[in-house]
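Report on the following structure.
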Amino acid sequence: MRRYMPYLEVGIGSALGAVCRMLTGVAVGGMSMPVFPWATLIVNVLGSWLIARFATHAMLNDSGHVARLHGFLIAGFCGGFTTFSLFSLEAVQLALDGHQALAAGYVALSVPLWLVAAWWGDSAARRAQARRG
Amino acid sequence: MAIGVASVMLVAVGGALGGMGRLFVSRWAAARLGTDFPWGTLIVNLAGAFLIGWLAVSLTVGAGLSLWLMTGILGGFTTVSSFSLQTLDLMRERRWMAASANVCLTLVLGIAAAALGVELGR
């Protein structure tokens with residue numbers, strides 16, 4: 001039974017992450033400029049920050065709550081919350097709809113933002129750790 | 001399709017299946033291909049990008065089915081957060097070649113996979 005536990009943890013986390021991603025889409029849906037895939041950009045940047053925040057926290061506190069919930073939070077929630085498939089589909093659809101510049105901008109903007117968000121989440125975890133002493 | 005209990009359940013069940021599939025593939029890749037490079041994340045993202053492109057044009061019936069398959073399963077199967085974290089880790093280890101290869105392979109092949117899926121789905 002133990003060997004299936006990680007699947008259960010990741011499955012439940014990923015289910016929650018996917019539902020939060022859908023709800024973000026609904027919340028953002030009413031915003032202006034409907035052509036640009038804001039919702040996907042938001043979940044991917046937020047999820048990149050969160051995964052690094054959790055991973056670094058778990059690394060620095062290897063017997064804490066976050067470390068115990070590693071599978072649920074990191075591969076589960078953050079993995080299910082963010083999406084690469086939709087990102088790539090949106091880039092292709094923008095280009096096919098004649099918005100080539102927007103498609104290129106979407107890709108060129110997304111990747112640095114994901115990486116900076118992960119770097120920032122990592123620093124936030126280290127700063128929080130330093131404050132705790 | 002209004003967001004009701006049914007949509008939430010479809011996305012949740014799909015997201016759980018996708019996430020478990022992602023764990024299975026990343027474990028398989030780590031055992032077969034090693035952990036020097038994030039092969040597992042690359043594989044799920046390329047496969048997911050191809051499948052979503054194909055489904056986006058070939059799936060013409062049922063908003064519920066597309067919610068389950070695309071938003072749920074494929075959304076949960078693929079991941080940007082792990083990609084970002086693994087790229088950051090490679091950069092921190094000063095493995096610049098591996099980090100840039102990960103970014104370039106993911107983006108170029110991922111977008112090409114989605115475009116190929118769209119093309120084949122027509």
Side-chain angles (χ1 to χ4, degrees), chain A residues 6-23 25-26 40 43-52 54-56 71 74-93 95-96 103 107 110-111 113-119 121-122, chain B residues 3 7-24 26-27 41 44-53 55-56 67 70-89 91-92 99 103 106-107 110-118:
Chain A
Y7 284 94
L8 193 64
E9 289 170 20
V10 171
I12 294 171
S14 186
L16 267 174
V19 169
C20 290
R21 169 163 42 80
M22 176 181 71
L23 296 178
V26 175
T40 307
V43 296
N44 284 341
V45 169
L46 216 56
S48 295
W49 184 86
L50 211 55
I51 198 172
F54 285 145
T56 302
I74 294 175
F77 184 82
C78 293
F81 185 55
T82 59
T83 173
F84 181 80
S85 49
L86 197 56
F87 161 80
S88 57
L89 178 65
E90 287 162 345
V92 169
Q93 274 177 343
L96 290 177
V107 175
S110 290
V111 183
L113 286 180
W114 301 343
L115 295 179
V116 166
W119 171 81
D122 171 79
Chain B
I3 298 299
S7 328
V8 170
M9 287 311 293
L10 283 170
V11 171
V13 172
L17 288 173
M20 291 189 281
R22 172 162 41 78
L23 179 63
F24 180 81
S26 36
R27 287 181 158 198
T41 304
V44 295
N45 282 343
L46 297 187
F50 171 77
L51 288 172
I52 206 170
L55 285 176
L67 209 54
M70 291 166 64
T71 309
I73 295 185
L74 293 177
F77 186 57
T78 60
T79 174
V80 159
S81 53
S82 296
F83 162 82
S84 304
L85 184 65
Q86 288 157 343
T87 308
L88 186 72
D89 283 340
M91 289 165 79
R92 186 163 290 136
V103 172
T106 300
L107 285 183
I111 291 170
L116 182 67
V118 166

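Every chain is numbered from 1, with letters handed out A, B, ... down the list of sequences.
- Judged by distance alone, the side chain of Arg22(B) and the main-chain N or O of Val10(A) form no donor-acceptor pair under 3.5 Å.
- Both the backbone and the side chain of Thr106(B) have a heavy atom closer than 4.5 Å to some heavy atom of chain A.
- Ranked by heavy-atom pairs shorter than 4.5 Å toward chain A, the options Met91(B), Met70(B), Arg92(B) are led by Arg92(B).
- Neither the backbone nor the side chain of Phe77(B) comes within contact range of chain A; no heavy atom of the residue lies under 4.5 Å from a heavy atom of that chain.
- Highest contact tally toward chain B, considering only Ser110(A), Gly13(A), Gly11(A), Gly79(A), is held by Gly79(A) [criterion: heavy-atom pairs under 4.5 Å].
- Ranked by heavy-atom pairs shorter than 4.5 Å toward chain B, the options Ala95(A), Pro6(A), Gly17(A) are led by Pro6(A).
- Taking the side chain as every heavy atom from C-beta outward, Phe81(A) and Ser81(B) never approach each other to under 4.5 Å.
- Proximity of a side-chain donor or acceptor of Thr82(A) to a complementary backbone N or O of Val80(B) within less than 3.5 Å is detected.
- Residue Val19(A) touches chain B through both its backbone and its side chain, counting heavy-atom pairs closer than 4.5 Å.
- Side-chain atoms of Ile52(B) and Leu86(A), non-hydrogen and from C-beta on, do get closer than 4.5 Å to each other.
- Relative orientation of the Phe84(A) and Trp114(A) rings is perpendicular, given thresholds of 30° and 60° on the angle between their planes.
- Within the 4.5 Å cutoff, no side-chain heavy atoms of Leu8(A) are placed close to those of Met20(B).
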Taking distance alone, no hydrogens or angles, what donor-acceptor pairs closer than 3.5 Å link side-chain atoms of residues 44-52 of chain A to residues at least two apart or in another chain?
from: Asn44(A); atom 1: OD1; to: Thr83(A); atom 2: N; distance (Å): 2.9
from: Asn44(A); atom 1: ND2; to: Thr40(A); atom 2: O; distance (Å): 3.4
from: Asn44(A); atom 1: ND2; to: Thr83(A); atom 2: O; distance (Å): 3.1
from: Ser48(A); atom 1: OG; to: Asn44(A); atom 2: O; distance (Å): 2.8
from: Ser48(A); atom 1: OG; to: Ser84(B); atom 2: OG; distance (Å): 2.8

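- With sequence neighbours left out, Ala114(B) forms a side-chain contact (heavy atoms from CB on, under 4.5 Å) with Ser88(A), Val92(A), Ala49(B).
- Ranked by heavy-atom pairs under 4.5 Å with chain A, the first of Leu107(B), Leu23(B), Leu46(B) is Leu23(B).
- Contact annotation for Leu16(A): neither backbone nor side-chain heavy atoms come within less than 4.5 Å of a heavy atom of chain B.
- Residue Val44(B): no heavy atom, backbone or side chain, is found under 4.5 Å from chain A.
- Only the side chain of Gln93(A) has a heavy atom closer than 4.5 Å to any heavy atom of chain B.
- The candidate with the highest count of non-hydrogen atom pairs below 4.5 Å against chain B, out of Ala75(A), Ala91(A), Gly71(A), Ala117(A), is Ala75(A).
- Looking at Ala55(A), only its side chain comes within 4.5 Å of chain B, counting heavy atoms on both sides.
- The neighbour count for Tyr7(A) OH, taken as heavy atoms of other residues, nucleotides or ligands under 6.0 Å away, is above 12.
- Top candidate by heavy-atom pairs under 4.5 Å with chain A, chosen from Gly110(B), Ser26(B), Gly53(B), is Gly110(B).
- Both the backbone and the side chain of Val8(B) come within less than 4.5 Å of a heavy atom in chain A.
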